[in-house]
Amino acid sequence: MKYGFFDDVNQEYVIHTPQTPYPWINYLGNERFFGLISNTSGGYAFYRDARLRRLTRYRYNNIPVDNGGRYFYIYDDGDYWTPGWMPVKRELEQYECRHGLGYTSIMGERNGIRATQLAFVPLSFDGEVHQVKLQNTSLQTKKIKLFSFVEFCLWNAYDDMTNYQRNLNTGEVEIQDSVIYHKTEYRERRNHYAFFSANRPLAGYDTDREAFLGLYNGLDQPQTVAAGQASNSIASGWSPVGSHCIEITLEPGKETSCNFILGYVENPEEEKWESHGVINKKQAHAMIAQFADETDVKQALSELRAYWYNLLSKYTLQSHDDKLNRMVNIWNPYQCMVTFNMSRSASYFESGIGRGMGFRDSNQDLLGFVHQIPERARERIIDIASTQFENGGAYHQYQPLTKKGNHEVGGGFNDDPLWLIVGTAAYIKETGDFGILDEQVPFDGNVERAATLFEHLKRSFYHVINNLGPHGLPLIGRADWNDCLNLNCFSATPDESYQTTQNLEGRVAESVFIAGLFVYTGPDFIELCKRRGLDEEASTAQAHVDRMRAATLEHGFDGEWFLRAYDHYGDKIGSKDCEEGQIFIEPQGFCVMAGIGVEEGLAHKALDSTRDRLETPYGIVLQHPSYSRYYINLGEISSYPPGYKENAGIFCHNNPWIMMAEAVIGRGDRAFELYSKIAPAYLEDISDIHRTEPYVYAQMIAGKDAVREGEAKNSWLTGTAAWNFIAITQSILGIQPEWDGLRIDPCIPTAWDEFIVTRVFRGDTYVIHITNPQHVSKGVATVTVDGTLLTNNILPVAADGAIHQVKVLLG
Ligand code: GLC
Ligand code: GLC
């Protein structure tokens, strides 16, 4: 069942009922100020850090779900309603929500009034603009009242929902003209305040929640709105809110609009006050003045759209398949950008107060994003590397505001260091900026202990080599990519975190996945050594990679597929000999991506086993059979009920590894079949089962052993975005950034005749027309650039800023 449709021309997803199977959200902002907004106008806003600078309050796991946001109530002669349906839930004659790139517009119509609210964060602006357009679609003159509403968060979102003995006393506001200022804690150490403005004279306002709603009322029944009369309340402690009341008279057919701004201001310490206890509002006034008129909003929105259009034009596809086109051209790169911005902090499944930036997550997020704004990827690489330990190990997470490693979470996830090589290599291949390797980068945030980025990569590489187990395979440490495969933790105490509790240093538990990752990214390190003239370093590294490959073949293959690991006792995990959890997806993906077992025919076997044992109509499950009970020697993975999350859920993050592995062995039909099984645009028709947004990936879809098979959770912030983008754009469509150019090596379904990719690469634009008259999956017969035949399939870097016509013949 569908709840909307893709409007590809406008780059929007259009939702035609407020009652989607779950709130379907969008993100506003791309620099410092961000907002989350659902299709019923739920959500919240924050400045840079979702935990420490939260502007508006949002109650996760609320009843009803998604109750709270920026609301605009319309009072019309005793009746009142909200255009996004929630929270009043009064029946609408028309409803439409359009989620676009960085903006959302929601239209509702009832009883002769059509209201359209548009929300976005303008470029380089620290606030949300909300424009409400009202149109009289009736034949009578309408006298209505528009009530706005936001509930302020007292900045620190964690403290805000725990520390009531203090917080119910601290709330303070100021009101001047049509602007409500939220200034809780400004009197002491904060130098920032929020404001909520309207560009119209007010009939009244409210800033105290209880006065606005009534103590025992919900957001669906504010007593002021029901009475059509604001109470002009001034908050003092309790819960400050912002509500404007605006009187509007509309003749039949006429339309009017109001601009509201929810903004954030920081003042220098010496300029905090205008007079005793009165905040300096200069900056707020300037921001408000920028959006005085309707045309200001129009202008800023078109600038925002142009910005996104330009970003997404770095890679565009024209193919016969609309679903594929919209994934590649619009929604997947958009999700990659949002994921890069947010890491795992704020979504409808991540509360914005928990995790910092993951060392491994952030490196992987880079992969899907680096072609859009490489400068930001560069900055991120340096930030990540600056948290690395001198022994090459890594904090599992760091905090974005301080850029320091997170002590609470600690380190010891032995795959982490390698992702720095993966991320850096992707950045250099995209940009040709080998200079980044010479940057001086601190260890553990200490500038006195700095070394080149290249040295950091070397430490990453040798962190694996210095931590090998009995079979010559990498020790797993706390866990590897699979955070929940905790082979050394042996946790029997409830509430203990599997990731941070004691960890036995047995030096026995080994990971075949890390072995695959090492052999996959080892050649990147070796190439960088060579380019720095370090030939001996390169050949030593090569010997390590060769040994790892041999160890994986000897001790990491189980007859029909790659093993997953050896546990603390040296017993096999992910083996036919196991009672449960006999085969895992991760090593099948990464070992084949690394080329291990390809010549020997083992790669084929591993991927066939994956198909036969792990594949379902909704994607590939993480392992099989799922664990039916808790295994203390396996940890969190067996804590989940069968079919969910790491216990045999469909982890969309590593499905693309199998697509990429299939491409390595040339099976383009399989690669694309797997791609279309989980790509959200292909799931639109089963939105009732899938439940999360049909325009973005979710982290997990419940697997075949789950009670609710096919149901997705944890949409938006997941490494799934980046890896699927890499799988489709590089492995399947075959446009691969390389050290010295763009390699063209597609692996596509045999039925495809042709497609065109327009790719901006190092300042040049390549229009690459690929034709497939022989109906093969893989194999490039000829490549011409601007009419000249190449001797191989790597487009050289022209570096002339021009547009180059490329013709590729498969066969
Ligand atoms: C989550 C984590 C990621 C991890 C994965 C598997 O997506 O963010 O770091 O690799 O789960 O456990
Ligand atoms: C990953 C996993 C999740 C686990 C978490 C712990 O995000 O997906 O299951 O609880 O890591 O950090």
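Note that the numbering runs from 1 along the sequence shown for the chain. Atoms considered below: every heavy atom in the structure, side chains included; atoms not considered: hydrogens, waters and symmetry mates. Everything quoted here is computed from the prediction, not taken from an experiment.
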| Closest non-hydrogen atom pair between Gly102 and Leu28, with its separation | O-CD2, 3.6 Å
| field | Working for side-chain hydrogen bond (donor to acceptor under 3.5 Å, both in side chains), residues Tyr682 and Asp321 | value | CA-CA 11 Å; Tyr682 293 84; Asp321 181 341; 2.7 Å; yes
| task | Report the C-alpha separation of Leu717 and Ser343 in whole Å, then their side-chain angles, then the decisive distance to 0.1 Å, and conclude whether the side-chain contact (heavy atoms from CB on, under 4.5 Å) test is met. | result | CA-CA 7 Å; Leu717 305 184; Ser343 191; over 6 Å; no
| Inter-residue atom distance Arg667.CZ - Glu673.CD, 0.5 Å rounding | 10.5 Å
| task | Kindly confirm or rule out a cation-pi arrangement of Arg98 over Tyr13, judged by NZ or CZ under 6.0 Å from the six-membered ring centre and within 45° of its axis? | result | no
| request: Answer with yes or no after comparing the ring centroid distance for Tyr766 and His804 against a 6.0 Å cut-off, counting only values under it. | output: yes
| said: Does atom CD1 (Ile803) have a neighbourhood of more than 12 heavy atoms from anything else shown, all under 6.0 Å? | reply: no
| said: Ring centres under 6.0 Å, that's the criterion: do Phe340 and Phe369 meet it? | reply: yes
| field | Pair Gln699-Trp716, side-chain hydrogen bond (donor to acceptor under 3.5 Å, both in side chains): steps then yes or no | value | CA-CA 8 Å; Gln699 180 205 47; Trp716 281 98; over 6 Å; no
| query | If every non-hydrogen atom of Pro417 is compared with every non-hydrogen atom of Ser460, which pair is closest and at what distance? | reply | O-OG, 3.0 Å
| query | What residue pairs, at least two apart or across chains, pass salt bridge (Lys or Arg N to Asp or Glu O under 4.0 Å) with a residue in residues 777-796? | reply | Asp745-Lys778
| said: Please confirm whether the ring centroid of Trp657 lies under 6.0 Å from the ring centroid of Phe590. | reply: yes
| task | For residues Phe584 and Trp561, establish whether the separation of their ring centroids is below 6.0 Å. | result | no
| said: Evaluate Gln364 against His653 for side-chain hydrogen bond (donor to acceptor under 3.5 Å, both in side chains), listing each step before the verdict. | reply: CA-CA 10 Å; Gln364 291 174 77; His653 186 148; 2.8 Å; yes
| task | Kindly indicate, with the supporting measurements, whether the criterion ring-ring contact (aromatic ring centres under 6.0 Å, His included) is fulfilled by Trp331 and Phe725. | result | CA-CA 10 Å; Trp331 295 99; Phe725 190 73; over 10 Å; no
| task | Could you grab the distance from atom CD1 of Ile770 to atom CG of Leu809, nearest 0.5 Å is fine? | result | 10.5 Å
| field | Qualifying residues under side-chain contact (heavy atoms from CB on, under 4.5 Å), relative to Asp322, sequence neighbours excluded | value | Asn325, Arg326
| query | With Leu795, which of Ile735, Val808, Val785 fulfils side-chain contact (heavy atoms from CB on, under 4.5 Å)? | reply | Val785
| task | Find the distance between CZ (Arg360) and CG (Asp365) and round it off to the nearest 0.5 Å. | result | 12.0 Å
| query | Where do Pro656 and Ala727 come nearest, in terms of heavy atoms and distance? | reply | CB-CB, 3.7 Å
| request: Classify the ring geometry between Phe443 and His456 as parallel (under 30°), tilted (30 to 60°) or perpendicular (over 60°). | output: parallel
| task | Mind checking the CG-OG spacing from Asp753 to Ser319? Nearest 0.5 Å is all I need. | result | 11.5 Å
| remark: For Glu554, the side-chain contact (heavy atoms from CB on, under 4.5 Å) test, sequence neighbours excluded, returns none
| said: Check this for me: Phe434, atom CZ, are more than 12 non-hydrogen atoms of other residues, nucleotides or ligands nearer than 6.0 Å? | reply: yes
| When rounded to the nearest 0.5 angstrom, what distance separates CZ in Arg459 from CG in Leu420? | 12.5 Å
| task | Please test Glu537 against Lys530 for side-chain contact (heavy atoms from CB on, under 4.5 Å), starting from the C-alpha separation and ending with a verdict. | result | CA-CA 8 Å; Glu537 185 82 71; Lys530 287 187 187 152; over 6 Å; no
Would you tabulate the side-chain donor-acceptor contacts of residues 511-527 under 3.5 Å, counting partners in other chains and residues two or more places apart, or write 'none'?
{"unit_1": "Ser511", "atom_1": "OG", "unit_2": "Asp480", "atom_2": "OD2", "d": "2.6"}
{"unit_1": "Ser511", "atom_1": "OG", "unit_2": "Phe513", "atom_2": "N", "d": "3.2"}
{"unit_1": "Ser511", "atom_1": "OG", "unit_2": "Ile514", "atom_2": "N", "d": "2.9"}
{"unit_1": "Thr521", "atom_1": "OG1", "unit_2": "Asp524", "atom_2": "OD2", "d": "3.2"}
{"unit_1": "Asp524", "atom_1": "OD1", "unit_2": "Lys429", "atom_2": "NZ", "d": "3.0"}
{"unit_1": "Glu527", "atom_1": "OE2", "unit_2": "Arg531", "atom_2": "NE", "d": "2.8"}
{"unit_1": "Glu527", "atom_1": "OE2", "unit_2": "Arg531", "atom_2": "NH2", "d": "3.2"}

| field | CA sep, side-chain torsions, deciding dist, call: Arg759, His371, side-chain contact (heavy atoms from CB on, under 4.5 Å) | value | CA-CA 10 Å; Arg759 174 68 152 95; His371 67 295; 3.9 Å; yes
| note | Which of Tyr695, Trp308, Tyr309, Tyr27 passes ring-ring contact (aromatic ring centres under 6.0 Å, His included) with Tyr334? It is Trp308
| task | Begin from the C-alpha positions of Asp433 and Arg762 and carry the test salt bridge (Lys or Arg N to Asp or Glu O under 4.0 Å) through to its verdict. | result | CA-CA 10 Å; Asp433 173 17; Arg762 302 191 195 173; over 6 Å; no
| query | Partners of Val776 by side-chain contact (heavy atoms from CB on, under 4.5 Å), sequence neighbours excluded? | reply | Asn772, Gln774, Leu810
| said: Can you list everything that forms a side-chain contact (heavy atoms from CB on, under 4.5 Å) with Arg611? Sequence neighbours excluded, please. | reply: Asp608, Glu615, Arg670
